[in-house]
Amino acid sequence: MRSLSTAVLSLVAMALSSMTTYLTFFDARYTLTQAVASVQLQVQSGGGSSNGEKSAYYRYYPYPQIILSNRGTRPLVLSNVELVKSTNLETCIADESVEIPQARTFEAIIVEPGTVQQLPLELALPPVSAEALEGEEFDLQDDTALWCLKWTAFDPNGERQEPLTPAFTTEITFTPPEPGDRYPSTNVELDFPKGPTKLIARGWF
């Protein structure tokens, strides 16, 4: 009877050891998600005139607050995040022809398993500028766009992935100058998705 109990305990110990080894070395599960908590927007505008010509410029700086969550057993690395303009207003399709300046260089971060963390971003939309002769109106076009985040992520095996997720939409309009003003005013209506979006995943989470 004692030998049977010893054998059973040995089998249980071997099973636990095997399970621990599997969880330590082979169980590489993860689900990295992001959600946009808020987006603040700053607008800079100005202009000038010279030799009978005038110019105006408008610069838009969005500041999204992103929430990252890694449900799994392995850390993940985010090495870069870029803003891209989508060619479709409903879904993210990158428009590589649009050059978008970076407001701030992104520093790589490690997202540990089982953690939730906040990621503030400082971004910039392509600037808008126009020129006109004195006494004439600026030709400024209203624009509606979907802006997306292009992530560069690496999993525990060093595999590179570049998911694209919606960040926010903008509706930029221009209003002719009021009497006494030289430049049109601009207004931006901004909206962003309220739910989480999966970036990369592996395993049964």
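Using a 4.5 Å cut-off between side-chain heavy atoms of Ile, Leu, Val, Met, Phe, Trp and Tyr, with links allowed through other members, I200 and V84 fall into different hydrophobic clusters. Hydrophobic clustering, with ILVMFWY side chains joined whenever heavy atoms are under 4.5 angstrom apart, groups L41 together with V36. Using a 4.5 Å cut-off between side-chain heavy atoms of Ile, Leu, Val, Met, Phe, Trp and Tyr, with links allowed through other members, L123 and V98 fall into the same hydrophobic cluster. Under the 4.5 Å side-chain heavy-atom criterion for Ile, Leu, Val, Met, Phe, Trp and Tyr, Y61 and I100 are members of distinct hydrophobic clusters. Placement of Y63 and V39 in two distinct hydrophobic clusters is found when ILVMFWY residues are connected by side-chain heavy-atom separations under 4.5 Å, directly or transitively.
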**Study point:** side-chain contact (heavy atoms from CB on, under 4.5 Å) evaluation trace for V81 with L121
**Key:** CA-CA 9 Å; V81 180; L121 297 177; 4.1 Å; yes

Point to revise | Evaluation steps, side-chain contact (heavy atoms from CB on, under 4.5 Å), between E112 and R74 | key: CA-CA 7 Å; E112 297 290 347; R74 291 292 187 271; over 6 Å; no

Review point. Can you list the steps and then say if L76 with D155 is a side-chain contact (heavy atoms from CB on, under 4.5 Å)?
Key: CA-CA 5 Å; L76 302 167; D155 69 9; 4.1 Å; yes

Exercise for review: Step by step, work out the side-chain contact (heavy atoms from CB on, under 4.5 Å) result for V111 and Q117.
Suggested key: CA-CA 8 Å; V111 187; Q117 64 187 78; 4.1 Å; yes

**Study point:** Intermediate values then yes/no, salt bridge (Lys or Arg N to Asp or Glu O under 4.0 Å), E159 and R202
**Key:** CA-CA 12 Å; E159 182 179 348; R202 175 181 176 179; over 6 Å; no

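L119 is not listed as a side-chain neighbour of I67, based on a closest heavy-atom distance of 4.5 Å or more. Counting only heavy atoms from C-beta outward, the side chains of T186 and I172 approach each other to under 4.5 Å. Considering only heavy atoms from C-beta on, C148 stays 4.5 Å or farther from L83 through its side chain. At a threshold of 4.5 Å between non-hydrogen side-chain atoms, the residues S79 and F154 count as touching. Looking only at side-chain heavy atoms (C-beta outward), P156 and Y30 come within less than 4.5 Å of each other. Within the 4.5 Å cutoff, the side chain of S69 has no heavy atoms near those of the T115 side chain. Counting only heavy atoms from C-beta outward, the side chains of W151 and Q34 approach each other to under 4.5 Å. The closest side-chain heavy-atom distance from V188 to Y60 is below 4.5 Å.
Here the shortest heavy-atom pairing between G72 and P113 reads O-CB, 3.4 Å. Contact between L140 and P184 at its shortest, heavy atoms only, is CD1-CG, 3.8 Å. Across all non-hydrogen atoms, the minimal contact from S86 to C92 is OG-CA, 3.6 Å. Shown here for A167 and P193, the closest heavy-atom pair between the two residues is O-CD, 3.4 Å.
Here the straight-line distance linking atom CG of N187 with atom CG of D142 works out to 10.0 Å at 0.5 Å rounding. To the nearest 0.5 Å, the span separating CG on L68 from CG on L78 amounts to 6.0 Å. Considering CZ of F174 and OH of Y58, their distance stands at 6.0 Å, rounded to 0.5 Å. The line from CG of L133 to OG of S49 is 12.0 Å long, rounded to the nearest 0.5 Å. Of the inter-residue distances, the one linking L164 atom CG with K150 atom NZ reads 8.0 Å to the nearest 0.5 angstrom. Atom OG1 in T152 sits 4.5 Å away from atom CZ in R160 (nearest 0.5 Å).
No donor-acceptor contact under 3.5 angstrom links the side chains of W147 and T169, judged on distance only. One side chain, S97 or D95, offers a donor N or O that lies under 3.5 Å from an acceptor on the other. Judged purely by distance below 3.5 Å, without hydrogens or angles, the side chains of Q118 and Q65 pair a donor atom with an acceptor atom. Between the side chains of Q141 and D139, at least one donor N or O lies within less than 3.5 Å of an accepting N or O.
Within 6.0 Å of CZ on R182 lie more than 12 heavy atoms contributed by other residues, nucleotides or ligands. Atom CD of E134 has more than 12 heavy atoms from other residues, nucleotides or ligands within 6.0 Å. For CD of E162, the number of neighbouring non-hydrogen atoms (other residues, nucleotides, ligands) closer than 6.0 Å is greater than 12.
Remark: K54 fails to qualify as a cation-pi partner of Y183 under the 6.0 Å distance and 45° angle criteria applied to the six-membered ring. Under a cutoff of 6.0 Å and an axis angle of 45°, R59 and Y57 form a cation-pi pair.
Taking T105 as the reference, nothing meets the side chain to side chain donor-acceptor pair (under 3.5 Å) condition, with sequence neighbours excluded.
Residues near I93 contribute nothing to a hydrophobic cluster around it, because no ILVMFWY side-chain heavy atom sits closer than 4.5 Å to its side chain.
The pair K85-E96 fails the salt-bridge criterion, with no side-chain N (NZ, NE, NH1 or NH2) lying under 4.0 Å from an Asp/Glu carboxylate O.
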